[in-house]
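Written below as structure tokens is the structure these notes are about.
Starting from 1, each residue takes its place in the sequence as its number. Heavy atoms only: backbone and side chains are in, while hydrogens, waters and symmetry mates are out. The model shown is predicted, which means the values in this text are computed figures rather than measured ones. Both ligands and their constituent atoms are indexed starting at 1 by order of listing.
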Amino acid sequence: MGVERIQTLAFSNQLKELPPQFIRPVNERPENTKAVEGVTVPVISLSQPHHHLLVREVAEAASQWGFFLLTNHGISPWLFKLLQEVGEQFFALPQKEKEAYANDPSNGNFEGYGTKMTKNLEEKVEWVDYFFHIMAPSSKVNYDKWPKNPPSYRFVIKYNKEMLRLTNEVLELLSEGLELEKKTLKSSLGDEKIELEMKINMYPPCPQPELALGVEPHTDMSALTLLVSNEVSGLQIWKDNKWVAVDYLQNAIFVHIGDQLEILSNGKYKSVLHRSLVNKECKRMSWAVFVVPPHEVVIGPLPPLFNDHDPPKFSIKTYAEYRHCKFNKLPQ
Ligand code: OGA
Ligand code: NI
């Protein structure tokens, strides 16, 4: 049986009202949980000439917000444009052509075109379709799973190179922010075996966006997530018991601290709770790169970061075990 795609539903012209499986409980609806006004998220320029100030800015944002916008990162605007164009072109393909890439998470096939399915009737469906594939390391990349159309999709490999460079740079800054040797976080996450995963989120226009969510509140199980979006805002992050809207900033990279860095840092860095809203008229798209350790790597608080007075706050387990618990909503 085929999966019902949000894009198909959204563009079927009889859709005036949101179907019930998308209507959030009253206390989760965007109309009842509006973001606070006048709060802005940290913006950090990588071209800050004073290294110690850069380290401090990154460490403060990671501990207080678990999130920051990165500017002057050296990625050319044409590369963002390319990423955006090839992603949009893929989702504009005829439905039948996209279905040839359908994934099947229940059988362990995560790569490809997908729409999250719910396990029971109480669970609500998110207003989003996605495309997911591995970008690095090259030994784990399967180009057969990447879109073949548009043919220029293969140039996303250039974006992967830039994401690897930025991952190294940000992990070094975050290590220094914990007063650790520069390479510590990277080596704890598997060094050259660190994996980069691309998830393109496609949020079609939604008839009643005040009742729905694009992505429900969650923390990412990655170490880091590096995200860019099209010009439509929608991301919100949880700070001091309130939602804060993240405004679109052209060519900035939205850096999320994920669960694995929260664990390694023994809670000094926060895995940011976030959600995304949808829009009545505009399609929103985002490109999230998840930086994750390989499955076999064991993650736990780093020994220099705990002692008798400040004991470890998290259990030690492989990334595979962590992932299993998170997917199945089991205690960690
Ligand atoms: C995600 C996510 C937010 C966005 O894919 O994990 O949080 O802005 N996306 O699309
Ligand atoms: Ni996320």
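Grouping Ile, Leu, Val, Met, Phe, Trp and Tyr residues whose side-chain heavy atoms lie under 4.5 Å apart, directly or via other members, places Trp243 in a hydrophobic cluster with Trp238, Leu273.
In this structure, the side chains of Asn230 and Gln84 come closer than 4.5 Å at one or more pairs of heavy atoms. Side-chain contact between Phe68 and Glu60: absent, with no pair of heavy atoms (C-beta onward) separated by less than 4.5 Å. Looking at Glu123 and Gln21, their side chains never come closer than 4.5 Å, going by heavy atoms from C-beta outward.
Tally of protein N, O or S atoms closer to the Ni ion (ligand 2) than 2.8 Å: 3.
Protein residues are said to neighbour a ligand when one of their heavy atoms lies under 4.0 Å from it; for ligand 1 these are Lys199, Asn201, Tyr203, His218, Asp220, Leu227, Leu235, His274, Arg284, Ser286, Phe290.
For His324 and Tyr319, the gap between ring centers reaches or exceeds 6.0 Å.
Stacking of Lys270 on the aromatic ring of Trp65 is not recorded, the 6.0 Å distance cut-off and the 45° axial limit not both being met.
Crowding of Arg29 atom CZ: a count of heavy atoms from other residues, nucleotides or ligands under 6.0 Å exceeding 12. Heavy atoms of other residues, nucleotides or ligands lying less than 6.0 angstrom from CD of Gln95 number more than 12.
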Just distance, no hydrogens or angles: give the donor-acceptor pairs under 3.5 Å from side chains in residues 246-263, sequence neighbours left out.
from, atom 1, to, atom 2, distance (Å)
Asp259, OD1, Thr219, OG1, 2.8
Asp259, OD1, Ser271, OG, 2.6
Asp259, OD2, Tyr322, OH, 2.8
Asp259, OD2, Lys326, NZ, 2.7
Gln260, NE2, Met221, O, 2.9
Glu262, OE1, Ser271, N, 2.8

